There are 2 protein chains.
Amino acid sequence: MSETTIQLTPVQQKFILHWGEMGTKWGINRTVAQIHALLYIWPESINAEQITKVLSVARSNVSTSIKELQSWGLVKNVHVMGDRRDHFETLEDVWEMFRIVMDERKRREVDPTLILLRDCMEEQKKSGKRDKHTEGRLEALQEFFESAADSYERLRSVPTATLRRIAKMGDKVLKLLKAA
Amino acid sequence: MSETTIQLTPVQQKFILHWGEMGTKWGINRTVAQIHALLYIWPESINAEQITKVLSVARSNVSTSIKELQSWGLVKNVHVMGDRRDHFETLEDVWEMFRIVMDERKRREVDPTLILLRDCMEEQKKSGKRDKHTEGRLEALQEFFESAADSYERLRSVPTATLRRIAKMGDKVLKLLKAA
DNA sequence: GAAAAATTTCAGCTTTTTTTGAAATGACTG
DNA sequence: CAGTCATTTCAAAAAAAGCTGAAATTTTTC
């Protein structure tokens with residue numbers, strides 16, 4: 001089987017290592033983030049063995065990490081003619097990529113928090129001795145999360161092209177909003 | 001010394017435990033997040049020993065975690081008359097709290113990434129063999145981060161009251177922007 | 001300025017997370 | 001369907017992160 005051995009340039013290495021560190025700071029496994037970085041900068045799809053070599057990690061680790069990335073919807077399988085191994089690639093569009101991450105984090109972390117807050121509020125309200133202070137604090141938090149989730153949901157439906165355009169509008173955005 | 005022993009209600013416990021878990025998913029130490037949650041819901045300032053008791057952690061752990069929270073600007077010392085121990089409290093306003101977290105994360109994580117990307121681009125450009133593809137990918141990422149950082153910087157200067165108001169505008173926001 | 005109180009530091013221990021490699025499973029080929 | 005190649009699973013090892021308690025340091029009090 002013909003096999004392209006991946007050889008990283010210093011710049012590529014630097015980027016992949018940094019992305020890995022970034023990942024750890026955001027609760028994402030270092031290897032997972034590195035694989036994502038590698039797929040992001042590599043021009044063609046890559047197979048699992050190539051990843052093991054270039055990142056010096058075990059084959060099984062690649063398997064698990066890829067699954068993780070797939071569960072986020074960030075990596076998809078592609079097939080190369082005449083090669084029965086799985087090849088992988090990630091999204092091209094950075095905005096789209098971040099949107100997916102945001103979506104998933106909302107689903108996995110914000111939504112459960114909202115449910116918890118609602119639960120707490122309910123439990124609080126039907127409890128005998130009303131703890132007004134805690135109730136107030138939780139309510140404030142709930143309002144914040146609900147407002148944020150709501151605003152995000154709205155933003156979500158806007159095509160990335162429009163988002164880019166709005167981002168480029170600069171100061172005009174706020175002026176418009178303040179005027180309204 | 002008079003000492004209020006903190007006794008948590010089930011709802012308070014539930015909230016603090018959840019906040020701790022949330023923390024871990026965002027790369028924040030569980031104890032740090034729990035202390036923050038406790039300070040958030042508690043009506044008065046709390047001293048370190050009270051925290052050790054209510055969260056069942058070592059005094060030294062409280063010390064370290066409080067320092068961490070202080071380094072984020074989320075906790076401040078207050079002094080209680082006739083008590084020489086440090087007492088702690090966190091911010092009241094949730095929007096303000098999240099703004100601070102965002103600010104810090106930008107400073108600690110986004111800004112260094114931007115620097116790295118600029119470095120990479122530069123190194124890439126003066127390198128002998130131009131790797132056009134990597135260059136393109138890094139440029140796209142850089143543009144995204146710069147645009148995001150820029151938009152954030154703009155938003156940052158808006159008072160939280162205005163942010164609340166904008167968030168409450170709902171669909172109107174996008175209609176306005178699309179029209180512009 | 002010595003004693004007491006409060007806080008911080010840090011080496012070593014514990015727990016959790018991550019990684020590995022061997023074995024099991026699955027998938028394709030002739 | 002037997003053999004090969006590819007992927008996944010999972011128990012154990014390694015690494016990283018987190019926590020503790022004793023000792024050191026700092027702060028306050030008298």
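Nothing here was measured: the structure is a model prediction, and the numbers come from that model. Convention: sequence-line order gives letters A, B, ...; per-chain numbering from 1.
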Q) Can you list the residues that meet the ring pair (Phe, Tyr, Trp, His ring centres under 6.0 Å) rule with B:F98, with sequence neighbours excluded? A) A:F144, A:F145
Q: Check the side chains of B:Q12 and A:T134 for a donor-acceptor pair under 3.5 angstrom, ignoring hydrogens and angles.
A: yes
Q: Just compare D:dG18, D:dT7, C:dT18 and give me whichever is closest to any side-chain atom of B:N29.
A: D:dG18
Q | Transitive ILVMFWY cluster of A:Y152, excluding itself - 4.5 Å side-chain cut-off | A | A:M102
Q) What pairs with B:N61 under side-chain hydrogen bond (donor to acceptor under 3.5 Å, both in side chains), at least two apart in sequence or on another chain? A) B:S65
Q: Measure the distance from CZ on B:R85 to P on D:dT29 and round it to the nearest whole Å.
A: 13 Å
Q.
If I take atom CD in residue B:E21 and atom P in nucleotide C:dT15, what distance separates them, rounded to the nearest angstrom?
A. 16 Å
Q: Rounded to the nearest angstrom, tell me the gap between atom CZ in A:R30 and atom P in C:dT19.
A: 8 Å
Q | Spacing of A:H79 atom NE2 relative to D:dT7 atom P, expressed in whole Å | A | 9 Å
(Q) Whole angstroms only, please: what is the CG-P distance between B:L55 and D:dC19? (A) 11 Å
Q: Please report, rounded to the nearest Å, how far the P atom of D:dA6 is from the CD1 atom of A:I46.
A: 17 Å
Q: Taking ring pair (Phe, Tyr, Trp, His ring centres under 6.0 Å) as the test, write out the residues that go with B:F88, two or more places apart.
A: none
Q | side-chain hydrogen bond (donor to acceptor under 3.5 Å, both in side chains) against A:S71, all qualifying residues, sequence neighbours excluded | A | A:R108
Q.
Less than 4.0 angstrom from a charged side-chain N to a carboxylate O is my criterion; do B:D150 and A:K168 meet it?
A. no
Q. Which parts of residues 59-68 of chain A get close to DNA chain C, meaning a heavy atom less than 4.0 angstrom away?
A. A:S60, A:N61
Q | With B:F15 via ring pair (Phe, Tyr, Trp, His ring centres under 6.0 Å) - residues at least two apart | A | B:W19
**Q.** Strand contacts (DNA chain C) in residues 33-45 of chain B, 4.0 angstrom heavy-atom criterion
**A.** none
Q) Which whole-number value in Å describes the distance from A:I28 CD1 to C:dT18 P? A) 11 Å
Q) For the pair made of CE in B:M81 and P in D:dT28, what is the distance, rounded to whole Å? A) 15 Å
Q: Just compare D:dT7, C:dA27, D:dT29 and give me whichever is closest to any side-chain atom of A:R84.
A: C:dA27
Q: Scan residues 109-120 of chain B for pairs that pass salt bridge (Lys or Arg N to Asp or Glu O under 4.0 Å), counting only residues two or more places apart or in two chains.
A: B:R105-B:E109, B:K106-B:D111, B:R118-B:E146
